[in-house]
Structure formats: structure tokens, C-alpha cells
> 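I'd like to ask you about the structure that follows.
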Amino acid sequence: MERCLTLAEQAWGRTTPNPLVGAVVVQDGQAVGEGFHPKAGAPHAEVFALRAAGDLAYGATLYVNLEPCNHHGRTPPCTEAILTAGIRRVVVGMVDPNPRVCGRGIERLRTAGIDVSVGVLSARCEQLNEAFVYFVRTGRPFGVLKYAMTLDGKTATRTGHSFWISGEAARARTHRLRAFADAVIVGGNTVRLDDPQLTVRLVEGRNPLRVVLSRTLALPAEARLWLDQTTIPTVVFTGAQGDPQMRANLERLGVEVQVLDELTPAAVLEKLAARPCLSVLWECGGTLTWSALTDGSVQKVICFVAPCLVGGTQAYTPIAGAGFEKMHEALRLEQVRCEPIGEDWMVSGYLF
Ligand SMILES: Nc1nc(O)c(N)c(N[C@@H]2O[C@H](COP(=O)(O)O)[C@@H](O)[C@H]2O)n1
Ligand SMILES: [Zn+2]
């Protein structure tokens, strides 16, 4: 199952809206075939592993981190391929929450006399596909909030300077997060202050959809987010006060502008879910971060802590907004992990 997870990760960021899946065929204790799902529309991991095993799949055990499907989607059911190959035993990491699958694959295999074990390394299997699982269960994108701060809790100096807080390793990790996310979201302030590109440059991978939330559309005409619209699209969400002149300018540059009755993180996520975006990365400033956190649009927090100090009561902090009054109101993270990353530390946890 460890090997399945490693194989599955080879398609990091490329399978959406499908999950990351790896499969291994084992005969007499030897791996005789393995494969992973490379992208939506392509054959599933099980099919690649069975093809690689060929005749050696007869009587073998198939390991896969997600329940084999039993439906005709973009591809035929994997259960049929497993039965045709003569597999004797199937070891499944986790049940597929997709209602079109959800237990039916396991049932089909068991009915055909195959020995099926379920729940091997299930926590790690769930975590690998946490965005897929969350989206399938709730219909909402899985929200990851990422920020980098100094050891004294600042995301920029009092003048707004923030290049760079964290080192190259942490920045590369951010790009890996972007390569997985279906959309990366910032507010108008971040566009004005940082002029970000929000692309994947420090690792290999595809670029996410770039999303800006701006109430007024008071945005720089020359921002880097408006470049390369044919290859890396940007969508700007605004409200009724959005400047019509700027809207026309953006649309002329190929930027999609959507006007919402109510410009809230939750309303934007509803629109993104329809695309479909299964996961979003919040890379915004303090005010928008507070709104996203308090309207339930963040499920996971990833904070890079850099061992440096900048001071200043006017310096920027990761979360602004009204803030809570009492400590007992604080949002508490669960399953917290802390790991070194280059010269920085990465602290992560969940808000469920
Ligand atoms: N077990 C398994 N292995 C894979 O490699 C997969 N991609 C999936 N995906 C499940 O099937 C649905 C997609 O089906 P189509 O690719 O459209 O045929 C996806 O939503 C998952 O439930 N499962
Ligand atoms: Zn399948």
C-alpha cells in the first residue's frame, strides 16, 4: 500500500477532478505489475497495473489505495478488468466516497468470490485524497490557507515589504501546493502590494486557475496576473460596486470578471465548485483570510515560520479582520504537524 501511495503521487495535481490512485499486482511476494492514474479520462490505476502484470496477474493479489470502481464513467469498470485478469485477492486502502462507487466495487468483487480486505493504511489514503474526499462529501472545494510569517508573527514589514520571508525550500513547497490546487485565491490588496504571478515555477507541475476577489476593482492596470490569459487564466470576482471601466479593461485583456450579489469567500467557492474546483489555496492578506476562516472556507492551515524578526505595531499580520474577543473563541487546529523545511518550519493542521 506504501508503494501504491508513492505511485499515486506521481500524478500530483494532474488528476483533478479525479483522485490520486496507485496500484500494485503482487504474485508470490513479488511486485509483477504497477501503475497509477495519470489524468482524468485516462484508464484507472488498476488497469495500468494489470496490463503491466500481463499473465502474471492470474491468481495474484492487487493492492490499490482506493476502492476499484464498478461503473461506466469515462472508463469501463475496473472490477471487470480485475475479474478478467483472474486476480484472487484485492487489498483496498479506503472505500471510495463517490456515490457512484461507494462500496459497490467491493461488493461486486466479493460476490464474484474474490477475497477483499479494506482499510489498509486508511488514514494515509484519506489524507492523500483529502480534497477529493471533502468535495465528494460536501460539494464544496477543500480550502487550504497558506501563509509565511516571521517568528514575531508578521507577513510583511510596516511598509508592506515581504520579499522574502521564507527560504527557497518553503517557497518551492508553496509552488507544490499551487500545482495541486485547482485555484489559488488572493484579494485586491495582495495584487496592489505584491503584484504576484501565482504560477508554478520552482517545481514541475501545472498552473492553477488564478482568482482575485475585489470589491471595487481598484486594481493596477499592469498587474502580472493579467498576463498570459490564454495559458494561465485569471478570474476576478467583484460586487455591485466594481468599477465598470476597470471591468471592461480586464475583459479586453482576456480576464474573466464575475459580478456577485454578495462578494463572500463562500459565494466565490460556490461558483468555483461548479467549474469544478475541488481544492483552493488561499494566499491572501489578513482581511480576506479572516473572512475565509470565519465563513468556513478553510479546512487546512499551512504556516511557514521563518526564523527572523521584523517588529513594528504597523507591520502586517496573517489574520486581520475583527478578530475574536476571548481566547476560548480561538479556532483550534487538529492533527497538528510541525516539520523543518530548509531554514524554516512548516506548521500545519486541520479546522474541521
Ligand atoms: N479505484 C480507482 N482508481 C482510479 O485510478 C481512479 N481514477 C478511480 N476513480 C473513481 O472513479 C471516478 C472517475 O471515473 P472515470 O475516470 O470518469 O471513469 C472518480 O470520481 C473516482 O470515484 N478509482
Ligand atoms: Zn476504476
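Note that these values count all heavy atoms, side chains included, but never hydrogens, waters or copies made by symmetry. Whatever order the structure lists ligands and atoms in, that order sets their numbers, starting from 1.
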> Run the numbers for me: atoms of ligand 1, each under 4.0 Å from some heavy atom of Asn98, listed by number.
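The list of qualifying atoms is 12 (C), 19 (C), 20 (O), 21 (C), 22 (O).
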
> Taking 4.0 angstrom as the limit, do Arg124 and Glu126 come out as a salt bridge?
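Between Glu126 and Arg124 there is no salt bridge, as every charged N stays at least 4.0 Å from the carboxylate O atoms.
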
> Tally of protein N/O/S atoms under 2.8 Å from the Zn ion (ligand 2)?
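Atoms of protein N, O or S type lying less than 2.8 Å from the Zn ion (ligand 2) total 3.
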
> Closer than 4.0 angstrom, basic N to acidic O: yes or no for Glu107 and Arg110?
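A salt bridge is absent here (no side-chain N lies under 4.0 Å from a carboxylate O).
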
> Under 4.0 Å, heavy-atom basis, I'd like to know which part of His71 is in contact with ligand 1: side chain, backbone, both or neither.
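The side chain, only.
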
> Check Glu46 against ligand 1 and report side chain, backbone, both or neither, counting heavy atoms closer than 4.0 Å.
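It is the side chain that gets close, since no backbone atom is under 4.0 Å.
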
> Would you call Pro68 a ligand 1 contact, heavy-atom distance under 4.0 Å?
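So Pro68 counts as touching ligand 1.
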
> One thing to verify: whether Arg108 and Glu80 come together as a salt bridge, which I'm taking to mean a side-chain N less than 4.0 angstrom from a carboxylate O.
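Counted as a salt bridge, because a side-chain N and a carboxylate O are separated by less than 4.0 Å.
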
> Return a table of donor-acceptor pairs under 3.5 angstrom between the side chains of residues 315-328 and protein atoms on other chains or two or more places apart.
none

> Rounded to the nearest 0.5 Å, what separates atom CD in Glu343 from atom OG in Ser166?
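Glu343 CD to Ser166 OG: 8.0 Å, rounded to 0.5 Å.
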
> Is Phe36 touching ligand 1 with its side chain, its backbone, both, or neither, if touching means heavy atoms under 4.0 Å apart?
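Contact part for Phe36 vs ligand 1: neither.
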
> Can you tell which of Ala45, Ala40, Ala8 gets a heavy atom nearest to atom 5 (O) of ligand 1?
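Considering heavy atoms of Ala45, Ala40, Ala8, the nearest to atom 5 (O) of ligand 1 sits in Ala45.
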
> Any Lys/Arg nitrogen of Glu256 or Arg275 sitting under 4.0 Å from an Asp/Glu carboxylate oxygen of the other?
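Judged by the 4.0 Å cut-off on N to carboxylate O distance, Glu256 and Arg275 do form a salt bridge.
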
> Judged by atom type as modelled, is there a donor-acceptor pair below 3.5 Å linking the side chain of Thr234 to the main-chain atoms of Leu225?
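Yes, the answer is positive, given that a donor and an acceptor are paired below the 3.5 Å cut-off.
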
> Name the closest protein heavy atom to atom 16 (O) of ligand 1, giving the residue it belongs to and the distance to 0.1 Å.
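Result for atom 16 (O) of ligand 1: His44 NE2, 2.8 Å.
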
> Under 4.0 Å from a heavy atom of Gly73: which atoms of ligand 1 are those, numbered in the order shown and with their elements?
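Selected atoms, number and element: 18 (O).
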
> Counting only heavy atoms closer than 4.0 Å, does ligand 1 sit against the backbone of Asn18, its side chain, both, or neither?
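Within the 4.0 Å criterion, Asn18 contacts ligand 1 through side-chain atoms alone.
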
> Should the ring pair Phe180 and Trp12 be called parallel, tilted or perpendicular, given that the plane angle runs from 0 to 90° and is split at 30 and 60?
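It falls in the tilted class, 30° to 60°.
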
> Please check if Phe142 and Leu145 belong to a single hydrophobic cluster, counting links between Ile, Leu, Val, Met, Phe, Trp and Tyr side chain heavy atoms closer than 4.5 Å.
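No, Phe142 does not connect to Leu145 through the hydrophobic network.
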
> Pull out every atom of ligand 1 sitting under 4.0 Å from any heavy atom of Phe132, numbered as shown with elements.
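Result: 20 (O), 21 (C), 22 (O).
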
> On a heavy-atom basis, which atom in Trp226 and which in Val255 lie closest, and how many Å separate them?
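That would be CE3-CG2, 3.9 Å.
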
> Which protein heavy atom lies closest to atom 22 (O) of ligand 1, and at what distance to 0.1 Å?
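Ranking protein heavy atoms by distance from atom 22 (O) of ligand 1, first comes Asp96 OD2, 2.5 Å.
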
> Output the list of atoms in ligand 1 that are nearer than 4.0 Å to some heavy atom of His37, sorted by atom number.
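Every atom of ligand 1 under 4.0 Å from some heavy atom of His37: 5 (O), 7 (N).
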
> Give me the atom names and distance for the closest heavy-atom approach of Pro17 to Pro276.
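Looking at all heavy atoms of both residues, the closest pair is CB-CG, 4.2 Å.
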
> Do the side chain of Arg210 and the main chain of Gln197 share a donor and acceptor less than 3.5 angstrom apart?
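Checking the backbone N and O of Gln197 against the side chain of Arg210, a donor-acceptor pair under 3.5 Å is found.
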
> Around atom 23 (N) of ligand 1, find the nearest protein heavy atom and jot down its residue, atom name and distance.
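For atom 23 (N) of ligand 1, the nearest protein heavy atom is Leu66 CD2, 3.8 Å.
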
